[in-house]
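Structure first, then comments.
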Amino acid sequence: MNLDKQQAQELIDFIHESPSTYHAVNNIREELNEAGFQELDLREEWTLEKGGKYFTTKNGSALFAFVIGKGEIEEEGFQLICAHSDAPGFKIKPNPEIAVEGNYLKLNTEVYGGPILRTWMDRPLSIAGRVSVKSNDPLNPEHLYVKIDRPLMVIPNLAIHMNREVNEGGALNKQKDMLPLLAMITDEMEKDNCLVNLMAEELKIDAEAIIDFDINLFEVEKGCILGLNEEFISAPKLDDLAMSHAGLKALLASGESKKTRMLAIFDNEEVGSLTKQGAGSPVLRHLLQRIVFKLGKDMEAFHRAVYNSFMISADMAHAVHPNGTEKHDPTNRPYINKGPVIKIHANQKYTTDGDSGTVFETLCKNAEVPYQKFVNRSDLVGGSTLGNVSTGQVDIRTVDIGNPMFAMHSVRETGGVKDNVYIRKVFTSFFGL
């Protein structure tokens with residue numbers, strides 16, 4: 001297996017083992033531990049030293065890993081790569097069991113973010129996430145992670161014979177049409193507690209111990225490499241686990257530097273980032289301050305460090321679609337496997353300006369990696385990402401970039417094998433400055 005395919009398979013494997021934000025962060029935690037990073041508790045006092053490798057987590061769904069530079073932090077600043085752990089989908093509601101005419105059992109769900117609803121239908125689905133159980137401290141429950149690795153449910157389409165307009169673009173009702181079928185009801189089934197009993201059995205604990213849960217649906221089928229020349233990656237959650245994974249690999253590959261490097265993986269980007277573990281919270285600013293202060297510096301040094309810093313806001317980008325070429329800007333047309341995309345928006349949904357864009361272009365040139373640019377058609381409204389949200393909390397020079405892809409927010413997205421290699425090279429070069 002050549003390097004391109006090997007790195008693509010590493011990404012596919014990581015995504016398959018990360019069906020929830022909690023699993024993604026926990027898998028990154030394990031890799032950092034294996035690489036000699038020291039885990040820090042936000043509630044405990046920290047001791048930091050130059051050259052030290054550390055990480056901490058927030059809510060189990062956001063993670064911040066950093067390597068302290070050898071230089072003076074107020075002069076060298078921070079180098080940050082930011083990404084997010086969450087993806088659009090479905091979260092299971094409390095008391096989720098719904099019996100249908102005494103025969104079927106389905107689960108009540110709530111849509112998270114903005115998924116392409118129809119892509120979730122007729123696919124083998126299962127559940128993953130965090131289960132909160134009793135502990136001796138009422139303010140600090142114990143958390144367990146659950147992931148059921150077998151096809152468990154499906155959201156069935158209505159047959160075309162009963163919905164003749166299905167191919168004419170009919171809307172789906174999130175409460176009515178998007179509830180997954182779990183089982184046929186039997187006399188032996190405790191249908192009112194079916195989900196809790198299922199999770200308790202999987203975790204090998206008493207069902208009574210489960211107090212609450214944060215559980216989402218995920219597609220069971222693993223991602224793959226496809227295409228005539230094996231040039232595409234097909235997988236769930238490329239947005240944005242592809243950038244999270246590339247940032248992790250770059251940080252692990254970085255050696256000594258005068259600069260302090262950080263990988264910041266936030267949660268809840270898909271719903272606006274305004275949570276305690278999101279980019280719109282003060283968590284990043286607090287962490288940067290804490291690092292500066294623990295190195296014996298003062299607030300003046302913190303401000304100097306911020307203004308000597310640079311951040312790459314890494315979220316996926318839209319490639320020109322083979323069946324929708326007219327949806328793209330006439331002159332800025334990124335394609336899969338042609339390099340990372342610099343994202344630009346005049347009204348600042350992306351943070352890129354001429355200054356920060358030039359920095360990233362230079363990084364690409366130095367790493368011998370091609371790059372592209374994305375600007376929305378002026379008559380279409382685009383999305384936003386981490387960059388402009390996080391700079392509302394800490395005013396670091398920032399560029400918004402991402403790898404080009406198809407079908408963003410589908411249950412199954414498509415990216416490029418070469419682009420995965422390209423972005424890892426650029427990130428590694430950035431952390432190696």
- Query: Going through the checks in order, is the side-chain contact (heavy atoms from CB on, under 4.5 Å) test met by N59 and K276?
  - Reply: CA-CA 8 Å; N59 190 49; K276 62 187 180 301; 3.9 Å; yes
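- Using modelled atom types and a 3.5 Å distance limit, the side chains of R285 and Q393 yield a donor-acceptor pair.
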- Does the side-chain contact (heavy atoms from CB on, under 4.5 Å) test come out yes or no for E256 and K50, once each step is laid out? CA-CA 10 Å; E256 287 190 358; K50 290 184 178 181; over 6 Å; no
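- The pair E413-K237 does not count as a salt bridge, with every side-chain nitrogen at least 4.0 angstrom from each carboxylate oxygen.
- No side-chain heavy atom of N216 sits under 4.5 Å from any side-chain heavy atom of T109.
- Rounded to the nearest 0.5 angstrom, R130 CZ and I215 CD1 are separated by 9.5 Å.
- Among E74, E76, E72, the single residue meeting the salt bridge (Lys or Arg N to Asp or Glu O under 4.0 Å) criterion with K259 is E76.
- Here ring pair (Phe, Tyr, Trp, His ring centres under 6.0 Å) pairs that include residues 322-379, with residues two or more places apart or in two chains, are H318-F374.
- Between E110 and K93, no side-chain nitrogen of the basic residue sits less than 4.0 Å from a carboxylate oxygen of the acidic one, so the salt-bridge criterion is not met.
- Closest non-hydrogen pair, A279 versus V389, comes out as C-CG1, 3.7 Å.
- Taking a cutoff of 4.0 Å between a charged side-chain nitrogen and a carboxylate oxygen, K418 and E231 do not qualify as a salt bridge.
- Ring geometry, W120 versus F90: the interplanar angle exceeds 60°, so the pair is classed perpendicular (tilted spans 30 to 60°).
- Note: I148 CD1 to R150 CZ = 6.5 Å, rounded to the nearest 0.5 Å.
- Enclosure of atom NZ in K349 by more than 12 non-hydrogen atoms of other residues, nucleotides or ligands within 6.0 angstrom is indicated.
- Checked by atom type, the side-chain pair Q38/N33 shows no donor-acceptor distance below 3.5 Å.
- The number of heavy atoms from other shown groups lying within 6.0 Å of CG (D379) is above 12.
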- Message: Show, in sequence, the C-alpha distance, side-chain angles and deciding distance for T351 and D400, and conclude whether the side-chain hydrogen bond (donor to acceptor under 3.5 Å, both in side chains) test is met.
- Response: CA-CA 6 Å; T351 58; D400 270 295; 2.9 Å; yes
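- Counting only heavy atoms from C-beta outward, the side chains of L32 and L63 approach each other to under 4.5 Å.
- In this structure, the separation between OG1 on T21 and NE2 on H84 is 12.0 Å, given to the nearest 0.5 Å.
- In this structure a side-chain-to-backbone donor-acceptor pair under 3.5 Å is missing from T260 to I68.
- In this structure, CG on N268 lies 6.0 Å from OG on S61, to the nearest 0.5 angstrom.
- Within a 6.0 Å radius of NZ in K297, other residues, nucleotides and ligands contribute more than 12 heavy atoms.
- No side-chain heavy atom of K373 sits under 4.5 Å from any side-chain heavy atom of P334.
- In terms of modelled atom types and a separation under 3.5 Å, the side chain of T391 and the main chain of V394 share no donor-acceptor contact.
- Between the S257 side chain and the G432 main chain, no donor and acceptor come within less than 3.5 Å of each other.
- V292 places none of its side-chain heavy atoms less than 4.5 Å from the side chain of L288.
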- Kindly determine whether Q372 and N332 satisfy side-chain hydrogen bond (donor to acceptor under 3.5 Å, both in side chains), including the steps that lead there. CA-CA 8 Å; Q372 309 176 83; N332 296 281; over 6 Å; no
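- With respect to R397 and D353, no salt bridge is recorded, no charged nitrogen being found less than 4.0 Å from a carboxylate O.
- Remark: side-chain polar atoms of D86 are paired, donor with acceptor, to backbone N or O of E269 under 3.5 angstrom.
- A salt bridge is defined here as a Lys NZ or Arg NE, NH1 or NH2 lying under 4.0 Å from an Asp or Glu carboxylate O, and E75 with K258 fails to meet this definition.
- Counting non-hydrogen atoms of neighbouring residues, nucleotides and ligands closer than 6.0 angstrom, the CD atom of E45 reaches no more than 12 such neighbours.
- Between the side chain of N403 and the backbone N or O of G416 there is no donor-acceptor pair closer than 3.5 Å.
- Residue D419 is tested with V341, V369, N337 for a side chain to side chain contact (heavy atoms under 4.5 Å, CB included); the sole match is N337.
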- Message: Would L363 and L433 count as a side-chain contact (heavy atoms from CB on, under 4.5 Å) here? Give the steps.
- Response: CA-CA 10 Å; L363 289 171; L433 291 176; 3.9 Å; yes
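- In this structure, the side chain of S410 engages the main chain of R412 through a donor-acceptor pair within 3.5 Å.
- The heavy-atom pair separating I92 from F213 by the smallest distance is O-CE1, 4.0 Å.
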- Query: What do the steps show when you test R424 against E10 for salt bridge (Lys or Arg N to Asp or Glu O under 4.0 Å), and what is the final call?
  - Reply: CA-CA 12 Å; R424 283 176 60 163; E10 288 175 5; 3.0 Å; yes
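- Side-chain contact between I28 and E30 is absent, with no heavy atoms from C-beta onward closer than 4.5 Å.
- The neighbour count for K222 NZ, taken as heavy atoms of other residues, nucleotides or ligands under 6.0 Å away, is above 12.
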- Query: Given the rule in the side-chain hydrogen bond (donor to acceptor under 3.5 Å, both in side chains) test, do D13 and Q9 qualify, once you have shown the distances and angles that lead to the verdict?
  - Reply: CA-CA 6 Å; D13 292 344; Q9 193 61 51; 3.0 Å; yes
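- Atoms NZ and CD1, from K5 and I12 in turn, are 10.0 Å apart once rounded to the nearest 0.5 Å.
- Residue R377 holds its CZ atom at 8.5 Å from CG of D329, rounded to the nearest 0.5 Å.
- P340 approaches P370 most closely through the heavy-atom pair CD-O, 3.1 Å.
- Listed by first and then second residue, the ring pair (Phe, Tyr, Trp, His ring centres under 6.0 Å) pairs that reach into residues 400-433 are H321-F406, sequence neighbours excluded.
- At a cut-off of 3.5 Å, with distance as the only test, a side-chain donor of N27 or S18 sits close to an acceptor on the other residue.
- Considering every non-hydrogen atom in both A246 and I423, the closest pair reads CB-CG2, 3.7 Å.
- Of the possible polar contacts, one joining the D298 side chain to the A301 backbone as a donor-acceptor pair under 3.5 Å is found.
- Judged by distance alone, the side chain of S429 and the main-chain N or O of K425 form no donor-acceptor pair under 3.5 Å.
- The neighbour count for D122 CG, taken as heavy atoms of other residues, nucleotides or ligands under 6.0 Å away, is above 12.
- Salt bridge present: K249 and E31 bring a charged side-chain N and a carboxylate O closer than 4.0 Å.
- Remark: E361 CD is packed, more than 12 non-hydrogen atoms of other residues, nucleotides or ligands lying under 6.0 Å away.
- The closest donor-acceptor contact from the side chain of S132 to the backbone of I211 lies at 3.5 Å or more, if one exists at all.
- A side-chain donor-acceptor contact under 3.5 Å links T119 to the backbone of V411.
- Nearest approach of G278 to V283, heavy atoms of both residues: O-CG1, 3.9 Å.
- For the ring pair (Phe, Tyr, Trp, His ring centres under 6.0 Å) condition, the pairs that include at least one residue of residues 29-77, sequence neighbours left out, are Y54-F66, F64-F266.
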